[in-house]
Every structure is written in structure tokens, then in C-alpha cells.
Engineer: 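Handing you a structure now.
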Amino acid sequence: VVTATNVVNMYGKCGSLRNSQRCFDKMLSKNIITWTTMISSYSESGMGYMALHLFEQMLQECVLPNMVTFITIITICTNQVAKIEGKRIHVYILCTEYKLDIALCNSLISMYGQCDALAHARQTFDGMLAKNVVSWSGMIAAYAQHSQGMAALSLFQEMQLIEVTANDITLVSVLDACANQTCLSAGECVHTLIFSDTLELNVLVGNSIVNMYNKCGKFLDAWKTFTRLKEKDTATWSVIMGACAEHGQGMEAVRLMDQMMHKGVGLD
RNA sequence: CAAUCAUUG
């Protein structure tokens with residue numbers, strides 16, 4: 001069973017859903033990990049709907065989900081923006097011993113955030129007995145994505161007060177909140193904070209800073225930050241080119257495009 | 001450890 005499950009996983013990860021499914025169907029005995037793996041495979045291939053379907057089928061065959069299964073399926077609900085399904089599964093989770101698991105609650109927060117159910121996200125967040133940096137980042141991101149920049153920023157402050165250490169992803173979410181709220185002062189504050197702590201900026205954080213300055217109408221600061229970034233990825237170029245275009249610098253955008261191609265950064 | 005959580009264009 002372990003070996004066959006590994007095969008299902010390997011095909012799934014390689015995007016070969018057909019083979020993954022074929023192997024899964026041929027297996028005579030399956031355990032919960034096998035089912036969970038197959039559900040993930042559907043999701044990897046962008047077939048979230050099929051993944052939800054397989055989950056239902058699993059329940060009908062009286063196979064009990066474990067914590068990883070729940071995390072997996074809730075994450076799929078997030079990607080599918082499947083609010084109804086997500087809520088239903090959450091109710092089920094509340095009847096299990098997993099209801100307070102940190103990673104599971106984290107995925108629920110993100111699912112509710114994605115499904116425009118901020119209140120449910122917050123409720124889940126508040127109900128947690130223990131939180132980690134992912135919980136905080138997830139809740140901050142949920143607020144940021146719903147233009148609740150102020151709520152995001154105050155959560156960030158609260159997080160720092162109880163001495164949870166922010167990581168790169170947290171900062172990306174916070175900067176996103178500043179960008180959405182066009183809250184320049186807070187964004188600058190974060191920028192300063194970052195420079196005092198780290199020498200080299202993570203690409204993701206760098207991109208978010210450029211984006212934040214641009215959204216706050218500080219094209220020059222965006223540009224300055226862009227030129228100072230050691231590491232650039234396709235998102236970096238995309239942000240700065242978009243910024244140029246918005247500021248009537250179409251020619252500059254084209255020039256950047258050339259530069260990017262020249263550096264061997266592929267298009268996507 | 002055979003499967004699993006938050007993030008910018």
C-alpha cells in the first residue's frame with residue numbers, strides 16, 4: 001500500500017493525473033493516506049471539483065478523514081472558492097478531535113478569507129487556543145485582500161506585542177494591506193523596519209515594497225526600490241512595467257521588457 | 001517521516 005501510494009503521489013506531482021488515477025483504481029486496499037494523496041493529485045492538476053467529489057465518495061465508503069485529509073480538502077475549497085462545501089466540512093471538523101489543530105485552523109482562516117467570509121475567518125482565528133506565525137499572517141492577508149488595511153495593520157501590531165516574529169510572508173501581507181489602503185506612512189514604516197533587520201531583501205518582500213509604493217502614488221520610490229533590488233523575478237518586472245504603463249511611461253516599459261528578456265527572465 | 005497550512009504582479 002505504501003509503495004502504490006507513493007506511485008499515485010509521484011504521478012500526481014508530475015501532473016500526470018491519468019496514471020495517478022489508474023494506479024489508484026487498481027489498488028485493492030487503500031488507506032486514508034492513499035485517498036488523501038489521490039485527492040491532492042486532482043487538485044495539483046487543477047481539478048478541484050473532482051477532488052471534492054472524491055472526498056464525498058470517500059466518506060460514503062466510510063473511510064474516516066484524518067487531520068491531513070481535512071487540511072488538504074479545506075485548502076482545495078480555498079482554491080475553488082467553495083464556501084458551501086467548506087462550511088459543511090468545517091461543521092464536520094468541529095465534531096472531531098482535530099478542531100483545534102493549528103494548521104487546520106490556519107487553512108480554515110484562509111478558506112473563509114478567500115470565500116468572502118471575513119467574520120468566519122476571524123471567528124476561527126479567535127477560537128484558536130494556540131496560534132503560530134502562519135495563523136497571524138493568514139488573518140492579516142485575509143483583511144488585506146478585503147481592503148481592510150487598518151484591521152490588518154492593527155493585527156500586525158498586536159502580533160508584535162505578543163512577540164510573534166514576523167517572517168517574509170507576514171511582511172508581504174502587511175505591505176499588501178498598506179498598498180490596498182494606500183497607507184504610505186505605515187508602508188514606509190515597514191520598509192524601514194525591514195532595512196534595519198535584514199541586509200538582503202527577500203524577492204517577495206522586495207516586490208511587495210515596489211508594489212506598495214506604486215499603489216500609494218510614489219512612483220519614484222517604487223522605481224528607486226526596484227533598482228536597488230538584488231534579486232528580481234517575473235513578478236518584480238511585472239510590477240514595475242505595470243507601474244510605468246500607469247504613469248504614461250509606455251516606452252520605458254518596453255525598454256524594461258527588452259532588458260528583462262536580455263537577462264534571461266522568461267515570460268509567463 | 002507515503003499525503004497537508006499563510007504571501008506580492
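Quick note on labels: first sequence line is chain A, next is B, and so on, each numbered from 1.
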Engineer: Report the nucleotide, chosen from B:G9, B:A3, B:A6, that has the shortest atom-to-atom distance to any side-chain atom of A:Val68.
Structural biologist: B:A3
Engineer: Considering non-hydrogen atoms only, spot the tightest contact between A:Ala4 and A:Met27 and give its length.
Structural biologist: CB-CE, 3.5 Å
Engineer: How would you label the contact of A:Ser135 with the nucleic acid (heavy atoms, under 4.0 Å): base, sugar-phosphate, or nothing?
Structural biologist: nothing
Engineer: Using a heavy-atom cut-off of under 4.0 Å over every strand shown, decide if A:Asn6 touches base, sugar-phosphate, or nothing.
Structural biologist: sugar-phosphate
Engineer: For B:U4, take OP1 and OP2 only and decide whether either is under 4.0 Å from a side-chain N or O of A:Lys13.
Structural biologist: yes
Engineer: Rounded to whole angstrom units, what separation is found between the CD1 atom of A:Ile102 and the P atom of B:C5?
Structural biologist: 15 Å
Engineer: Whole Å only: how far is the CG atom of A:Asp101 from the P atom of B:A6?
Structural biologist: 13 Å
Engineer: Evaluate the ring planes of A:Phe226 and A:Trp223, with Trp represented by its six-membered ring, and classify them as parallel (under 30°), tilted (30 to 60°) or perpendicular (over 60°).
Structural biologist: tilted
Engineer: Would you say B:U7 has OP1 or OP2 under 4.0 Å from some side-chain N or O of A:Gln145?
Structural biologist: yes
Engineer: What is the separation between atom CG on A:Leu155 and atom C1' on B:A6, rounded to the nearest whole Å?
Structural biologist: 13 Å
Engineer: Among B:A3, B:A6, B:U8, which is the nearest nucleotide to the side chain of A:Thr75?
Structural biologist: B:A6
Engineer: Spell out yes or no: do the side chain of A:Asn31 and the base of B:A2 have one donor N/O and one acceptor N/O closer than 3.5 Å?
Structural biologist: yes
Engineer: Taking the side chain of A:Ala235 as its heavy atoms from C-beta onward, which of B:A3, B:U4, B:G9 lies nearest to it?
Structural biologist: B:G9
Engineer: Looking only at side-chain atoms of A:Asn106, point me to the closest of B:C5, B:U8, B:A2.
Structural biologist: B:C5
Engineer: Any base atoms under 4.0 Å from A:Ser107, or only sugar-phosphate, or nothing? Heavy atoms, all strands.
Structural biologist: sugar-phosphate
Engineer: Can you figure out which of B:A6, B:A3, B:G9 approaches the side chain of A:Asp268 most closely?
Structural biologist: B:G9
Engineer: In whole angstrom, what separates A:Asn180's CG from B:U8's C1'?
Structural biologist: 11 Å
Engineer: What's the CH2-P distance between A:Trp237 and B:U8, to the nearest Å?
Structural biologist: 22 Å
Engineer: Tell me which nucleotide among B:A6, B:G9, B:A3 gets nearest to the side chain of A:Ala141.
Structural biologist: B:A6
Engineer: Without decimals, in angstroms, what is the distance between A:Ile39 CD1 and B:C5 P?
Structural biologist: 14 Å
Engineer: Applying ring-ring contact (aromatic ring centres under 6.0 Å, His included) to A:Phe70 and A:Tyr92, what does each step give before you reach the verdict?
Structural biologist: CA-CA 10 Å; A:Phe70 281 127; A:Tyr92 183 17; 5.4 Å; yes
Engineer: Across the strands shown, which category fits A:Ser173 at heavy-atom distances under 4.0 angstrom: base, sugar-phosphate, nothing?
Structural biologist: sugar-phosphate
Engineer: Between C1' on B:C5 and CG on A:Asn167, what's the gap in Å once rounded to a whole number?
Structural biologist: 13 Å
Engineer: Which whole number of Å gives the distance between the P atom of B:C5 and that of B:C1?
Structural biologist: 14 Å
Engineer: For a quick check of understanding: with a heavy-atom distance under 4.0 Å over all strands, which category does A:Ser238 fall into, base, sugar-phosphate or nothing?
Structural biologist: base
Engineer: Can you check side chain to side chain donor-acceptor pair (under 3.5 Å) on A:Thr5 and A:Thr37, steps first, answer last?
Structural biologist: CA-CA 7 Å; A:Thr5 302; A:Thr37 303; 5.6 Å; no
Engineer: Among A:Gln123, A:His120, A:His90, A:Lys83, whose side-chain hydrogen bond (donor to acceptor under 3.5 Å, both in side chains) with A:Tyr112 holds?
Structural biologist: A:His90
Engineer: Could you give the distance separating B:U4 and B:U8 at their C1' atoms, to the nearest angstrom?
Structural biologist: 23 Å
Engineer: Any base atoms under 4.0 Å from A:Val239, or only sugar-phosphate, or nothing? Heavy atoms, all strands.
Structural biologist: sugar-phosphate
Engineer: Before we go on, tell me: are the rings of A:Phe156 and A:Trp136 under 6.0 Å apart, centre to centre?
Structural biologist: no
